[in-house]
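The structure appears right after this line, and notes come after that.
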Amino acid sequence: MIDHLIEPQFCSIPDQKTAQKKFKQKRQKNDLPIPYLHTYKDSNLRCISWIVGDSQKEDARILPAFGTRFDAAFFYEEEYRIPLREGSFFRCQGDFFFIIKDPSKGLCIKQIAIICSKSILEIFSLYFALDEFDFELCKVYQINQEHSFIGYVWSGYKQDDEHYYRAILPVFIEDFPRIEGHDILNLHYIPLNVGQTIMHQNNAYIVKQDDTGDIYIDSFAKIL
């Protein structure tokens with residue numbers, strides 16, 4: 001099974017080992033950098049950096065993970081900074097990230113490309129306060145004469161004594177803006193079964209089932 005955690009695009013310092021080398025070149029010290037998420041006043045922008053020393057003091061050394069051109073500190077006043085640890089999940093500049101620990105590279109910044117498994121789905125459902133929903137993997141169509149195909153989603157539902165609720169999470173992260181624009185109550189959902197294939201951006205995936213009975217999405221083939 002592939003976790004579909006990818007190297008973030010334009011990230012020049014994606015892991016602790018690389019950050020440590022860059023700091024050593026500047027300071028001749030072998031300090032262990034810590035990744036931080038920065039937020040800024042009067043802005044929705046967020047940035048990721050590596051810091052050595054006391055992060056709250058002026059003499060702390062900072063290296064933006066995505067380079068200075070993505071450093072919002074040049075344009076906005078910082079509001080607060082959050083230390084990132086193994087297992088940290090967060091959204092930054094519209095993308096979703098996960099911090100993992102690699103035996104040789106230390107803490108690594110990984111971008112989530114696909115909500116491919118129950119464990120990843122649970123992280124997203126908690127983030128969006130949808131943890132009370134039951135989710136099913138589906139393909140979605142518009143209810144119109146053409147039955148226009150929209151994409152693949154995790155279709156969530158819950159019910160209390162009086163009401164029925166629905167929520168959706170796109171399977172492919174890049175589909176969030178497009179799928180979130182639809183009225184989820186006026187879509188047609190078709191559940192996907194084990195063994196069925198999914199096509200997205202010239203890539204093929206297959207629906208599988210693990211030993212516990214949970215389904216997940218795995219890579220199938222590359223379409224040339």
Side-chain angles (χ1 to χ4, degrees), residues 1-9 44 87-100 109-224:
M1 173 180 170
I2 298 176
D3 56 19
H4 300 290
L5 299 177
I6 62 175
E7 293 292 332
Q9 192 175 18
N44 292 324
S88 291
F89 171 80
F90 57 96
R91 194 173 193 174
C92 183
Q93 312 295 20
D95 293 315
F96 294 92
F97 296 89
F98 197 57
I99 301 296
I100 67 168
I109 303 169
K110 293 291 186 178
Q111 187 174 334
I112 299 176
I114 305 174
I115 305 178
C116 60
S117 64
K118 181 180 179 181
S119 59
I120 299 295
L121 176 61
E122 287 176 346
I123 293 172
F124 274 84
S125 62
L126 281 171
Y127 180 85
F128 286 103
L130 301 174
D131 46 300
E132 295 183 357
F133 284 71
D134 293 317
F135 283 91
E136 185 175 28
L137 181 61
C138 297
K139 51 185 176 180
V140 181
Y141 295 84
Q142 286 185 328
I143 301 177
N144 56 20
Q145 187 174 0
E146 295 79 18
H147 298 289
S148 305
F149 176 68
I150 296 176
Y152 300 96
V153 302
W154 292 97
S155 173
Y157 61 91
K158 72 173 183 177
Q159 188 172 6
D160 56 27
D161 293 336
E162 299 181 356
H163 299 94
Y164 173 84
Y165 305 90
R166 180 181 285 278
I168 60 174
L169 289 171
V171 169
F172 298 93
I173 302 302
E174 63 185 73
D175 290 343
F176 260 82
R178 180 171 56 83
I179 289 180
E180 285 179 332
H182 291 276
D183 182 354
I184 62 176
L185 297 179
N186 291 313
L187 298 175
H188 180 51
Y189 301 83
I190 300 178
L192 289 169
N193 299 313
V194 175
Q196 288 188 265
T197 56
I198 292 174
M199 298 299 304
H200 186 267
Q201 301 291 3
N202 292 327
N203 289 300
Y205 305 88
I206 186 169
V207 181
K208 294 183 178 180
Q209 189 174 46
D210 63 21
D211 294 337
T212 66
D214 293 323
I215 65 172
Y216 64 95
I217 301 165
D218 208 352
S219 295
F220 184 77
K222 182 74 174 180
I223 305 301
L224 300 178

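Since this is a predicted model, take the numbers as computed values, not measurements. Nothing fancy with the numbering, it's 1 onward along the sequence.
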Verify side chain to side chain contact (heavy atoms under 4.5 Å, CB included) between L5 and I112, making sure each step is shown before the conclusion. CA-CA 5 Å; L5 299 177; I112 299 176; 3.5 Å; yes
*asked:* Checking Y152 against L192 for the side chain to side chain contact (heavy atoms under 4.5 Å, CB included) test, could you report, in this order, the C-alpha distance in whole Å, the side-chain angles of both residues, the deciding distance, and whether it holds?
replied: CA-CA 9 Å; Y152 300 96; L192 289 169; 3.8 Å; yes
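Within 6.0 Å of the CG atom in D183, the count of heavy atoms belonging to other residues, nucleotides or ligands exceeds 12.
Among residues two or more places apart in sequence or in another chain, the side-chain contact (heavy atoms from CB on, under 4.5 Å) test is passed with E136 by C138, P191. K110 is linked by a salt bridge (Lys or Arg N to Asp or Glu O under 4.0 Å) to E7, counting only residues two or more places apart in sequence or in another chain. Taking the salt bridge (Lys or Arg N to Asp or Glu O under 4.0 Å) definition, one finds that D214 meets it with K118, sequence neighbours left out. For Q196, the side-chain hydrogen bond (donor to acceptor under 3.5 Å, both in side chains) test picks out no residue, with sequence neighbours left out.
Distance CG/D131 to NZ/K158: 8.5 Å, rounded to 0.5 Å. Taking CZ from F98 and CZ from F89, the interatomic distance works out to 8.5 Å, rounded to the nearest 0.5 Å. I217 CD1 to I114 CD1: the interatomic distance, rounded to the nearest 0.5 Å, is 6.5 Å.
What you find for F133 and G156 is that their closest heavy atoms are CD2-C, 3.6 Å. Residues Q209 and V194 approach most closely at CB-CG2, 3.8 Å, considering heavy atoms. Residues I190 and Y141 approach most closely at CD1-CE1, 3.7 Å, considering heavy atoms. Across all non-hydrogen atoms, the minimal contact from Q111 to Q9 is OE1-N, 3.9 Å. Shown here for F135 and L130, the closest heavy-atom pair between the two residues is CE1-O, 3.7 Å.
No donor-acceptor distance shorter than 3.5 angstrom exists from the side chain of W154 to the backbone of L121, with no hydrogens or angles considered. The main-chain N or O of D160 is never found under 3.5 Å from a side-chain atom of Y165 such that the two would form a donor-acceptor pair.
Ring-centre distance between F96 and F124: below the 6.0 Å cut-off.
Residues Y189 and I184 meet the side-chain proximity criterion, which asks for heavy atoms closer than 4.5 Å.
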Under 3.5 Å, side-chain donor or acceptor atoms of residues 166-180 against the rest of the protein: list the pairs with distances, not counting sequence neighbours.
from	atom 1	to	atom 2	distance (Å)
R166	NH1	S155	OG	2.4
R166	NH2	Y164	OH	3.3
E174	OE2	Q201	NE2	3.0
D175	OD1	R178	NH2	3.2
D175	OD1	H200	NE2	3.4
D175	OD2	R178	NH2	3.4
D175	OD2	H200	NE2	3.2
R178	NH1	I150	O	2.5
R178	NH2	I150	O	3.2

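Residue pairs that meet the side chain to side chain donor-acceptor pair (under 3.5 Å) test with at least one member in residues 121-130, sequence neighbours left out, do not exist here.
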